[in-house]
Amino acid sequence: MKSNLTTQPIHPGSAGKRMLLGAGIALILIVVFLLGADEPKPEWGKLWMIKPLLIVPLAGAAGGLFYYLVDHRLHQGGWRKVLAILLGLIGYIISLWLGIVLGLDGTWWD
């Protein structure tokens, strides 16, 4: 006997969407940060901006995945929803901060 019951996912958004959103936010932040760059030091090289423009969005995508995993696990309503959102945001911010430090290491972050 077949059952017609189907389970609906708690979150219709996929992990990929959260990762793209996290990477997009990170890319916008690092571009705005780099647009304010003064004349670079000669020892940084011509293409010094490539490193932060690659690493920071990758860190943002990792933070977006972390947010998805935490939110997906804890999102059950009530205080757990608030906890999931806070933990996800804190994890995303830490990931973004580490990506910025790693991306700017050797240039602005000397």
Side-chain angles (χ1 to χ4, degrees):
M1 184 164 108
K2 283 191 169 184
S3 174
N4 290 335
L5 297 176
T6 59
T7 58
Q8 295 292 328
I10 294 173
H11 297 291
S14 67
K17 286 181 184 178
R18 299 280 173 97
M19 291 174 71
L20 283 174
L21 182 62
I25 292 170
L27 181 63
I28 290 169
L29 286 175
I30 196 66
V31 165
V32 168
F33 192 69
L34 291 177
L35 284 177
D38 294 330
E39 199 61 35
K41 293 182 182 177
E43 62 266 14
W44 294 353
K46 283 183 173 181
L47 304 175
W48 70 274
M49 287 188 182
I50 290 177
K51 182 181 172 189
L53 287 173
L54 291 175
I55 292 177
V56 175
L58 285 174
L65 179 63
F66 178 78
Y67 185 89
Y68 172 79
L69 293 173
V70 168
D71 194 40
H72 190 70
R73 289 291 237 175
L74 294 178
H75 187 88
Q76 297 172 357
W79 64 272
R80 288 185 179 211
K81 179 179 179 179
V82 174
L83 179 65
I85 291 171
L86 287 176
L87 284 176
L89 285 175
I90 290 170
Y92 178 76
I93 291 169
I94 290 171
S95 174
L96 187 61
W97 175 70
L98 289 172
I100 290 171
V101 169
L102 196 61
L104 295 176
D105 182 41
T107 55
W108 275 4
W109 216 279
D110 245 347

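The analysis underlying the following values was restricted to heavy atoms, covering all of them including side chains, and did not include hydrogens, waters or symmetry mates.
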CG of D71 to CG of L83: how many Å apart, nearest 0.5 Å? 10.5 Å
Give, for atom CE of M49 and atom CG of L104, the distance between the pair rounded to the nearest 0.5 Å. 10.0 Å
L69 meets the side chain to side chain contact (heavy atoms under 4.5 Å, CB included) criterion, sequence neighbours left out, with L65
Validation: residues 86-96 side-chain donor-acceptor distances under 3.5 Å, sequence neighbours left out:
{"unit_1": "Y92", "atom_1": "OH", "unit_2": "G22", "atom_2": "O", "d": "2.8"}
{"unit_1": "S95", "atom_1": "OG", "unit_2": "A59", "atom_2": "O", "d": "2.6"}
{"unit_1": "S95", "atom_1": "OG", "unit_2": "G63", "atom_2": "N", "d": "3.4"}

The test is side chain to side chain contact (heavy atoms under 4.5 Å, CB included); show your working for I30 and F33 and say whether it passes. CA-CA 5 Å; I30 196 66; F33 192 69; 4.2 Å; yes
Let me check something: do I100 and L35 share a hydrophobic cluster, defined by ILVMFWY side-chain heavy atoms less than 4.5 Å apart, either directly or through other members? yes
Who else is in I55's hydrophobic cluster (ILVMFWY, side-chain heavy atoms under 4.5 Å, direct or via others)? L102
Value for CG (L20) from CG (L27), rounded to nearest 0.5 Å, stands at 11.5 Å
Step by step, work out the side chain to side chain contact (heavy atoms under 4.5 Å, CB included) result for L21 and Y67. CA-CA 11 Å; L21 182 62; Y67 185 89; over 6 Å; no
Measure across A26 and G60 and return the closest heavy-atom pair with its distance rounded to 0.1 Å. CB-CA, 3.9 Å
ILVMFWY network linking L53 to I50, side-chain heavy atoms under 4.5 angstrom: no
